[in-house]
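This report concerns only the one structure given below.
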Amino acid sequence: MLSLDFKEFQEKLSTQFRPWQRSFQFWVRVADIYTGYKAFQFRVSFVKDAQKQEALWERQHEFAAEKIYDLCSDLGGFFLKIAQVLGKPDLAPAAWVRRLVTLCDQAPATPYDVIRILLEKELGQGVDDLFERFDTNPLGSASIAQVHQARLKGDKSDVVVKVQHPGVQDLMMTDIHNLQAFALYMQKTDIKFDLYSITKEMEKQIEYEFDFKREADAMGRIRQFLHKNNKKSPVTVPRVIKDMVTRRVLVMERIDGTPIMKLGDEIAKRGINPSGRLATLAKQNILKSLTLAYGQMILKSGFFHADPHPGNILICKGSEVALLDYGQVKDLPDSLRLGYANLVLAIADNDPTRASESYRELGIYTLSKCQDEVERKEMLKLAQGMFDTKLPPGVKVLQPFSEESSIKKISVQAFPEELFSILRTIQLLRGLSVGLEINYSCAEQWRPIAEEALYLAGRLQGKDLKTKRSKRGGLLRRIFGKLVGM
């Protein structure tokens, strides 16, 4: 009895000290990575040859990538989500991307014995009473939850059971608070951008992810919206199983498909030329579906799925797209929805004055007042880099924090937290387009939806509409058709 009490005491003590241990590990590792870059930055300043400088930077990025990978992998939790954000070809150095992309959707699974206890407590019945079959090995385990395939009693179709990892929320909040402190330091010393507001929005979104009832409501709402506004929904949203949802357990229909990151392997397996017309058409259809769905969600509804990273996208039969995981959704107020619609038109029209006005309307404040034409054009470039998917001619990877970037020249002092979800969504869509080798402008394709939103709000007159109503339905098809020679 005494040994049992001592064991419980040890476990409680370990639990209480775990956040401190994680914080210590985070700061030691981040300090090592940061000082490594600062020391290298000083050394490389003495190298005058541009090509040699570039090669040295690549080696430094590779060296740092290993340390960042180890930090994210060892600490897990929230840092797996950070790896998903950084592991994109348009945001981080290529060496980071190559290393971090392998971390997506990889997290230690909670043992089935623990999962079974949690399931029975949450659903109020035994697993054997509810399920005809329940696979004890999870299909996958991410930072917040793991998913199992199962079949309900009396049903012929399989379902997916999403179960939250016990005790992960407190640790994730510790991680976020550490990252916020680092973001504050970085924006004061190295990066002229309001990073702290972004981390505050991340905190808010992560807290929402721990409520599966909220996620189920979001799935139902988005599913209904997309079906109502299209003859056929551009993306498939899983159906929630009625009366099988709690705060920590979510049961939904299983959708068969290929993860988008494995699309290339699937194309090769079928003997299809990855550069041929058939493969290009399939990629074009995937991007077209996602673009239409997100344009409607963001600009028409304001309520949207805010986490389109590759692990949440399945490619189904006929190149149809399924969008998974609705833990991160955003409900924009009309003021921001319409302000962003105005910015979409500014980007689509290459209109620097409208872009500057839109930034002010959205509450994005910069050190530069953008009073002359040169500064307004730089503001437009900043808007295009942040809120459009298209890469400039000859550019394969954006470097948003390089010395020549618009962020450095304009200096974003205040960035509304609510806009981070749009920013992240656009960046993830751009990453997908780079991976699919289709360079396109989502702003150009969202123009008809943005115009309609502003027209219905009384902010545009009929004579101001550049996209005629009768032509709106085929705009996405015509633009994407040009990309593949249709």
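Basis for what follows: all heavy atoms, side chains included, without hydrogens, waters or symmetry-related copies.
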*Quick one: does Glu437's side chain have a donor or acceptor within less than 3.5 Å of a partner on Ser433's backbone?*
no

*asked:* Taking Gly385's backbone N and O only, do any of them form a donor-acceptor pair with Arg430's side chain (distance below 3.5 Å, no angle check)?
replied: yes

Quick check for you: to the nearest 0.5 Å, what is the distance between [X] atom [atom1] and [Y] atom [atom2]?
| X | Y | atom1 | atom2 | value |
| --- | --- | --- | --- | --- |
| Phe210 | Asp170 | CZ | CG | 8.5 Å |
| Leu336 | Ile298 | CG | CD1 | 12.0 Å |
| Leu432 | Ile438 | CG | CD1 | 11.0 Å |
| Tyr359 | Ile364 | OH | CD1 | 4.5 Å |
| Phe78 | Glu203 | CZ | CD | 9.0 Å |

Pair [X] + [Y], salt bridge at N-O below 4.0 Å:
| X | Y | value |
| --- | --- | --- |
| Lys38 | Asp190 | yes |
| Arg29 | Asp70 | no |
| Asp325 | Lys162 | yes |
| Lys269 | Glu266 | yes |
| Glu357 | Arg354 | no |
| Glu62 | Arg99 | no |
| Lys330 | Glu418 | no |
| Lys288 | Glu320 | no |
| Asp265 | Lys262 | no |

Does atom [atom1] ([X]) have a neighbourhood of more than 12 heavy atoms from anything else shown, all under 6.0 Å?
| X | atom1 | answer |
| --- | --- | --- |
| Phe63 | CZ | no |
| Arg59 | CZ | no |
| Glu58 | CD | yes |
| Glu66 | CD | yes |

*Have Arg22 and Gln25 got a donor and an acceptor in their side chains that come within less than 3.5 Å?*
no

For [X] versus [Y], what's the shortest heavy-atom pair and its separation?
| X | Y | value |
| --- | --- | --- |
| Pro234 | Gln296 | CG-OE1, 4.5 Å |
| Leu380 | Ala346 | CD1-O, 4.0 Å |
| Asn342 | Ser358 | ND2-OG, 3.2 Å |
| Ile267 | Pro274 | CG2-CA, 4.2 Å |
| Met297 | His305 | SD-N, 3.8 Å |
| Leu428 | Pro308 | CD1-CD, 3.5 Å |

*Run the numbers on Asp307 and Arg424 for salt bridge (charged side-chain N to carboxylate O under 4.0 Å, His left out), then give the verdict.*
CA-CA 8 Å; Asp307 195 21; Arg424 182 167 185 256; 2.7 Å; yes

*Asp331/Arg221 under salt bridge (charged side-chain N to carboxylate O under 4.0 Å, His left out): CA gap, chis, key distance, verdict*: CA-CA 11 Å; Asp331 197 357; Arg221 182 173 168 182; 3.6 Å; yes

Is any side-chain heavy atom of [X] less than 4.5 Å from a side-chain heavy atom of [Y]?
| X | Y | value |
| --- | --- | --- |
| Cys316 | Ile255 | yes |
| Thr291 | Trp446 | yes |
| Gln328 | Ile206 | yes |
| Thr258 | Leu314 | no |
| Leu100 | Ile68 | yes |
| Leu323 | Tyr294 | yes |

_Tell me whether Arg247 forms a cation-pi arrangement with Phe212, defined as NZ or CZ under 6.0 Å from the six-membered ring centre and within 45 degrees of its axis._
no

*Apply the test side chain to side chain donor-acceptor pair (under 3.5 Å) to residues His165 and Ser143: give CA-CA distance (whole Å), side-chain angles for both, the deciding distance (0.1 Å), then the verdict.*
CA-CA 8 Å; His165 297 301; Ser143 51; over 6 Å; no

*asked:* Using ring centroids (six-membered ring only for Trp), state whether Phe40 and Trp57 fall under 6.0 Å.
replied: yes

_Over 60° means perpendicular and under 30° means parallel, so tell me whether Phe26 and Phe79 are parallel, tilted or perpendicular._
parallel

*May I ask you to decide if the ring planes of Phe182 and Tyr185 are parallel, tilted or perpendicular, using 30° and 60° as cut-offs?*
parallel

